[in-house]
Amino acid sequence: MALAAARRLLLHAGSRLGRREAVDGARRFANKRVLVETEGPAVMKLRNPPVNSLSLECLTEFTISLEKLENDKSIRGVILTSECPGIFSAGLDLLEMYGRNPAHYAEYWKNVQELWLRLYTSNMILVSAINGASPAGGCLLALCCDYRVMADNPKYTIGLNESLLGIVAPFWFKDMYVNTIGHREAERALQLGTLFSPAEALKVGVVDEVVPEDQVHSKARSVMTKWLAIPDHSRQLTKNMMRKATADNLIKQREADIQNFTSFISKDSIQKSLHMYLEKLKQKKG
Ligand SMILES: CCCCCCCCCCC/C=C/C(=O)SCCNC(=O)CCNC(=O)[C@H](O)C(C)(C)COP(=O)(O)OP(=O)(O)OC[C@H]1O[C@@H](n2cnc3c(N)ncnc32)[C@H](O)[C@@H]1OP(=O)(O)O
C-alpha cells in the first residue's frame with residue numbers, strides 16, 4: 001500500500017518535472033535517483049550515491065522512469081549508465097536485505113523482480129555504458145541490455161559475486177548468465193562468485209566491447225545508432241523470441257520466488273553472512 005502511494009506520488013512528481021524541464025528546452029525528466037535525458041538517444045543515469053545501490057526507492061524510481069520511456073513511442077532505445085564516479089551500480093542494496101522483517105523482504109523482492117522483468121523484456125534497444133564497478137545486481141542490470149560497452153579500467157569489475165557474500169544468485173539471475181556466457185562459464189563464475197576485469201569480461205562474453213574510459217559514452221551512442229537502423233518490428237520480435245522463455249520462467253513462479261527469497265534471506269545463517277560482509281565493507285575504509 002505504502003509503495004503504491006509512493007509510486008503515484010513519484011509518477012506525479014516525475015511528470016511535473018518532465019513538463020517544467022521541457023519548457024526550459026532540455027528534453028529530460030528526473031526523479032531523485034534517476035535522471036533521464038531524451039535529447040538525441042535517450043540516456044538513463046543512475047545517481048544514488050555513494051554506490052548506486054538499488055534501494056527500494058531507487059528500484060521504484062528506475063521502474064517508473066522505464067515505464068515512462070516505454071510509453072513514449074518516439075523513444076526506441078535507451079543508454080543505461082551511471083552518474084556516480086567509478087561505480088556503475090553496487091547491486092541490490094544490502095541494507096534492504098539485512099535486519100528487516102519478512103514483509104519488507106517480500107516487498108523488496110517483488111520490486112527487484114518487477115524491474116528485471118521490465119528491463120529484460122523491454123521493446124526498446126538497451127545499451128549499457130558501464131563506467132564503473134558492476135557487481136551482482138549491477139551486473140544484472142547490464143546483462144538485461146542488448147549490448148554492453150565497458151570502460152577499460154582494471155579497477156572496475158563485473159560479475160555475479162553472490163556466492164562470495166554467502167548468498168545464492170536466484171535461478172533467473174543464473175538463467176540470464178547462462179544465456180549470455182554459456183552454461184560452463186556461468187557454472188564456474190557463479191560458484192566462484194567471479195568478478196571479472198574488463199579484459200576478462202570481454203573474453204568470457206559478459207560484455208561486448210571494452211573501450212578507453214573517455215570513449216564509453218560515444219561508443220554506446222554509436223552502437224545505438226547501428227541498432228536503431230534495424231526495423232523495430234523485426235528486432236523486437238527476435239528479441240522476444242530469444243528472451244520470452246527466460247522471463248516466463250520467472251513469471252509463472254513469481255510468488256514462489258518471493259517466498260523462497262523471504263525465507264532464505266530471513267535465515268539466521270544468511271543474516272550472519274550479510275552482517276560479516278557489511279562489516280568487511282566498513283573495515284575496508286579503516
Ligand atoms: C536456495 C536458493 C534461494 C535463493 C533466494 C535468493 C537469495 C538472495 C539473492 C540476493 C541477490 C543479491 C544481489 C546483490 O546485488 S547483493 C549486493 C552485492 N554487491 C556487492 O557485493 C558490492 C559491495 N560493494 C563493493 O564492493 C564496493 O562498495 C564497491 C566496489 C561497489 C565500491 O567501492 P568503494 O570503495 O568506492 O565504496 P565503499 O566500499 O567504501 O562503499 C561506500 C558505502 O556504500 C556501502 N555499500 C557498498 N555496496 C553496497 C550495497 N550493495 N548495498 C548497500 N550499501 C553498500 C558501503 O558499505 C559503504 O557504506 P559506509 O559509507 O556506510 O561505510
Side-chain angles (χ1 to χ4, degrees), residues 33 46-59 62 82-100 102 104-116 119 130-144 150-151 153-177 189-198 201 206 249-250 253-286:
R33 298 163 187 88
L46 283 177
R47 51 171 187 187
N48 189 25
V51 292
N52 277 341
S53 63
L54 300 170
S55 62
L56 189 50
E57 288 81 5
C58 186
L59 284 174
F62 197 149
S82 157
E83 243 191 21
C84 291
I87 314 282
F88 180 69
S89 164
L92 303 191
D93 194 312
L94 294 163
L95 301 176
E96 303 282 7
M97 301 187 283
Y98 174 72
R100 307 290 193 117
H104 182 86
Y105 297 141
E107 182 68 4
Y108 182 61
W109 201 245
K110 192 172 158 195
N111 280 273
V112 176
Q113 291 178 336
E114 181 67 26
L115 177 62
W116 179 74
L119 271 178
I130 307 164
N131 51 349
S134 192
C139 176
L140 189 81
L141 297 181
L143 290 171
C144 286
M150 186 169 188
N153 183 333
K155 282 194 199 141
Y156 303 162
T157 58
I158 184 165
L160 296 181
N161 62 327
E162 281 80 354
S163 67
L164 294 181
L165 281 70
I167 57 179
V168 181
F171 70 87
W172 39 285
F173 285 40
K174 176 269 294 174
D175 287 347
M176 195 170 50
Y177 221 21
L190 280 169
Q191 288 194 51
L192 295 174
T194 310
L195 285 169
F196 297 103
S197 68
V206 173
N249 207 13
L250 173 61
Q253 44 188 324
R254 269 187 91 163
E255 275 311 314
D257 184 59
I258 293 173
Q259 292 307 317
N260 275 342
F261 171 77
T262 303
S263 61
F264 178 82
I265 214 75
S266 303
K267 283 181 201 293
D268 285 347
S269 58
I270 301 301
Q271 287 291 303
K272 208 168 150 193
S273 295
L274 288 176
H275 175 76
M276 281 162 58
Y277 189 71
L278 281 162
E279 284 302 307
K280 212 167 90 183
L281 281 176
K282 270 200 195 114
Q283 279 160 19
K284 209 177 68 174
K285 284 184 172 159

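Note that ligands are numbered from 1 as they come in the structure, with each ligand's atoms numbered from 1 the same way. The residues of the chain are indexed from 1 along the displayed sequence.
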Pairs of donor and acceptor atoms involving the side chains of residues 154-162, under 3.5 Å and at least two apart or interchain, shall be tabulated with distances.
| unit_1 | atom_1 | unit_2 | atom_2 | d |
| --- | --- | --- | --- | --- |
| Tyr156 | OH | Glu213 | OE2 | 2.4 |
| Asn161 | OD1 | Ala136 | N | 3.3 |

- Note on the structure: Contacts satisfying side-chain hydrogen bond (donor to acceptor under 3.5 Å, both in side chains) that involve residues 167-176 (not counting sequence neighbours) are Trp172-Asp257, Asp175-Asn249

- Task: For the residue pair Gln191 and Ser163, establish whether any side-chain heavy-atom pair is separated by less than 4.5 Å.
- Result: no

List below, pair by pair, the N or O atoms of ligand 1 and of the protein that are less than 3.5 Å apart, including the distance to 0.1 Å; reply 'none' if no pair qualifies.
| unit_1 | atom_1 | unit_2 | atom_2 | d |
| --- | --- | --- | --- | --- |
| ligand 1 | 15 (O) | Leu92 | N | 2.8 |
| ligand 1 | 15 (O) | Gly137 | N | 2.9 |
| ligand 1 | 19 (N) | Ala90 | O | 2.8 |
| ligand 1 | 21 (O) | Asn161 | ND2 | 3.2 |
| ligand 1 | 21 (O) | Tyr277 | OH | 2.6 |
| ligand 1 | 33 (O) | Lys284 | NZ | 3.3 |
| ligand 1 | 35 (O) | Lys284 | NZ | 3.0 |
| ligand 1 | 39 (O) | Lys284 | NZ | 2.7 |
| ligand 1 | 51 (N) | Ala90 | O | 3.2 |
| ligand 1 | 51 (N) | Leu92 | O | 3.0 |
| ligand 1 | 52 (N) | Leu94 | N | 2.9 |
| ligand 1 | 61 (O) | Lys285 | NZ | 2.5 |
| ligand 1 | 63 (O) | Lys285 | NZ | 3.1 |

- Polar side chain donor-acceptor pair, Asp93 to Ser53, under 3.5 angstrom: yes

- Note on the structure: Hits for side chain to side chain donor-acceptor pair (under 3.5 Å) against Gln271, two or more places apart or cross-chain, chain-then-number order -> Tyr105

- Item | Any donor-acceptor pair under 3.5 Å from Thr194 side chain to Leu190 backbone | no

